[in-house]
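Here's the structure we're looking at; comments come further down.
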Amino acid sequence: MKLYNTLSGQVEEFVPSDGNRVKMYVCGVTPYSSTHVGHALSYVVFDTLRRYLEHKGYEVRHVQNFTDIDDKIIQRAQESGVSEDELVEEFIGDYFHTMDALNIQRASEYPRATREIPRIIDAIAGLIDRGHAYPAAGDVYFRVTSKDDYGKLSHRTLDSMIAGARIQVDENKEHPMDFVLWKGAKPGEPSWESPWGPGRPGWHIECTAMSLEYLGEQLDIHGGGQDLVFPHHENEIAQSECYTGARPFSRYWMHNGLLQLGSDKMSKSLGNLVSVVEALERFSPDAIRLYFLSSHYRSPLAYSDEGAAAVERSLERVRRALIPGNGTGPQVEADSHRSRFTTAMDDDLNTPQAVAALFDLARDINRGRDAGQRIDSGQAALQELGGVLGLTFEDRPSPEADLAAAPFIDLLVSVRTELRAARQFALADQIRDGLAEQGVTLEDGAQGTQWQRQTTE
RNA sequence: GGCGACGUAGCCAAGUGGUUAAGGCGGAGGUCUGCAAAACCUCUAUUCGGCGGUUCGAAUCCGCCCGUCGCCUCCA
């Protein structure tokens, strides 16, 4: 299996350091607002990676953090008149709720920054001891000039960073690019005791401490959105490698392209967010996952309701291919699709190509059904490979109102069946049209008439 | 200003040196059907932003130009 490694800028053969065990760390969210579709994209990508690795027989230990203390959390909590803890609990709950809805597997561990303070302090102290960090006026900074290859992940040099000229001057720092490891507490802020006075950890050091604690000195895969490459992941590398001496901190760095909304990146600062809950009101979890997986994970993806609706329609054909058949002929052949799927996934997770294999398989199943072939083994393959992408092919549950209306719809359908038998087609069509106006579609098949609620717009 | 990515059919999107340029949505025609729907079949890019170049051969490599976007600051 080949994966693109941001560190080398190349597609490389993936080989875990320890046999079939894979140590994967994915940066989690800062829980102060609702989970949006950009988060969903990232976690669908890494969930799919994990599912595929497991499909190949790897044992994946997946750790994902929560940054449960930072400026935004403090600010938002104060605005809302709740404690930081309450705010964090609410949005961690929201996160799990939406990720579960999207069929994203739970990580092995979900460490939180505030519960790892001693480990974080140890790491900062170690960095100071080794000359890679220095205290200044209640803060502690990382000394970027102490790491000769600082910038290797984002492929830039300190000089070029300074040329960016958007760095604010800070008198406490030795170098403008030095970043904070420990923030001295301001009045009214939550804080923890430390050798440098009361304060809280900087963003980057949390991930270093937590990955070290739960996965050890060296990771196989470290993932996140492309917006984390600099400074977050660059700084993680600097801290971790300087603290442990183990290089590289992570052997593979993987970054997903960012979701765009219209022409802009979807981001917290732009406020152009679409919540996952909102998207799930309109589309099935499968449709949202498949939408994300229909383009390559490293490409940016523009989200639109029209696009999601098109994907939902395409899923309908696949779902129908899974309706049991009653053919007695030879089994529909699935091996060529299976190997195409695997080849695609082995090639840096080429999910668009893998998805194309699934659509082709669905077509062959439907074709085989029409030809009287047995289709159950093809269907099993479709279900299994779809599962590797986290797709269930389940219909969305019908709204409760439909359950109440079901007996009446059944009655109308049976009346219509009588009318058709009597060749009273005008009246039969009147019933079908009337139901269609109510969003109920009828299909007359060999086994009688089926009705269903129209779910796509 | 620095670093980087991308531009493939009406739309979304694979393919990155060599048989007929995946797949999906949409559209056209057909089979089936009382008519539909669904499913299936056929068609829907002689061509890959533009112009040059390298090569026996390029969407795929190189140069220039045009256009779009990301990162450099909190962000998945």
Side-chain angles (χ1 to χ4, degrees), chain A residues 9 26-30 32-33 35-46 64 67 70-72 75 151 154-157 159-168 177 203 223-232 234 255-260 263-270 273 290-291 294-296 298-302 304 306-318 320-321 323 340 344 347 350-360 362-371 420 423-426 428-429 432-433 436 441-446 449-452:
Chain A
V26 179
C27 282
V29 295
T30 301
Y32 70 90
S33 62
T35 310
H36 61 70
V37 286
H39 296 133
L41 166 63
S42 189
Y43 298 118
V44 163
V45 164
F46 289 103
Q64 186 172 313
T67 300
D70 95 332
D71 291 345
K72 293 279 177 54
Q75 183 190 335
S154 50
H155 303 111
R156 51 189 101 180
T157 61
D159 288 346
S160 72
M161 292 177 203
I162 294 164
R166 280 207 267 170
I167 305 145
Q168 46 200 332
M177 293 310 295
W203 177 32
Q226 275 172 355
D227 52 351
L228 298 185
V229 173
F230 190 91
H232 187 53
E234 193 71 60
H255 294 98
N256 62 277
L258 301 180
L259 196 77
Q260 315 282 127
S263 57
D264 294 317
K265 181 182 80 163
M266 182 180 296
S267 76
K268 292 178 179 180
S269 54
L270 291 172
L273 306 171
L290 188 57
Y291 188 11
S294 292
S295 75
H296 189 83
R298 282 193 278 126
S299 306
L301 174 66
S304 72
E306 293 72 28
V311 171
E312 189 80 77
R313 284 192 291 274
S314 76
L315 264 172
E316 198 48 39
R317 184 159 62 89
V318 182
R320 285 174 181 275
I323 296 169
R340 183 177 166 207
D347 181 18
N350 189 338
T351 55
Q353 201 60 246
V355 165
L358 295 190
F359 279 113
D360 283 343
R363 167 162 288 124
D364 278 359
I365 289 168
N366 285 327
R367 190 185 291 164
R369 185 202 309 276
D370 289 351
R420 291 179 64 222
R423 305 190 67 78
Q424 298 281 333
F425 295 122
D429 289 350
R432 184 172 62 196
D433 294 346
T441 53
L442 300 189
E443 291 180 22
D444 301 325
T449 300
Q450 303 288 319
W451 65 266
Q452 65 181 138

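The sequence lines fix the lettering, A, B, ..., with proteins before strands; numbering per chain opens at 1. Keep in mind the model is a prediction, meaning the values are calculated, not measured.
Regarding contacts with the backbone of C12(B), every side-chain N or O of Ser314(A) stays at 4.0 angstrom or more from both OP1 and OP2.
Ala356(A) comes within contact range of at least one nucleobase, with a heavy-atom separation under 4.0 Å. The residue Gly224(A) sits close only to the backbone: its heavy atoms come under 4.0 Å of sugar-phosphate atoms, none of a base. Residue-level contact check: Phe46(A) touches neither bases nor backbone, having no heavy atom under 4.0 Å from any strand. Within 4.0 Å of Thr157(A), counting heavy atoms only, lies no atom of the nucleic acid at all. Within the 4.0 angstrom heavy-atom criterion, no nucleotide atom of any strand lies near His255(A).
Looking at heavy atoms from C-beta onward, Glu316(A) lies out of side-chain contact with Glu312(A) at the 4.5 angstrom threshold. Taking 4.5 Å as the limit, some side-chain heavy atom of Leu258(A) sits within range of a side-chain heavy atom of Asp227(A). Residues Phe46(A) and Gln64(A) have side chains not in contact (no heavy-atom distance under 4.5 Å, counting atoms from C-beta outward).
For Pro352(A), whose side chain is taken as the heavy atoms from C-beta onward, the closest listed nucleotide among C74(B), A13(B), A76(B) is A13(B). When the nucleotides A22(B), G70(B), C72(B) are ranked by their closest atom to the side chain of Phe230(A), C72(B) comes out on top.
Partners of Ser314(A) according to the side-chain contact (heavy atoms from CB on, under 4.5 Å) rule, which considers only residues two or more places apart in sequence or in another chain, are Leu290(A), Val311(A), Phe359(A). By the salt bridge (Lys or Arg N to Asp or Glu O under 4.0 Å) test, Asp360(A) is found to be paired with Arg340(A), residues two or more places apart in sequence or in another chain being considered.
Computed from coordinates, the Leu301(A) CG to U68(B) C1' distance equals 16 Å when rounded to whole Å. Protein atom CZ of Arg298(A) is 21 Å distant from nucleotide atom P of A76(B), rounded to whole Å. In this structure, CG of Asp159(A) is placed 14 Å from C1' of C3(B), rounded to the nearest angstrom. Rounded to whole Å, atom P of G26(B) lies 14 Å from atom CD of Glu306(A).
To the nearest 0.5 Å, atoms NE2 (His155(A)) and OG (Ser160(A)) are separated by 12.0 Å.
A residue-by-residue look at Gly28(A) and Ala357(A) shows that Ala357(A) has its nearest nucleotide of RNA chain B further toward the 5' end.
Pairing partner, G1(B): C72(B), with both Watson-Crick or wobble hydrogen-bond distances short of 3.5 Å.
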Going 5' to 3' along nucleotides 27-42 of chain B, which nucleotides have protein heavy atoms under 4.0 Å from the base (write B), which only from the sugar-phosphate (write S), and which from neither (write -)? -------BBBBSSSS-
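No donor-acceptor distance shorter than 3.5 angstrom exists from the side chain of Gln353(A) to the backbone of Ala344(A), with no hydrogens or angles considered.
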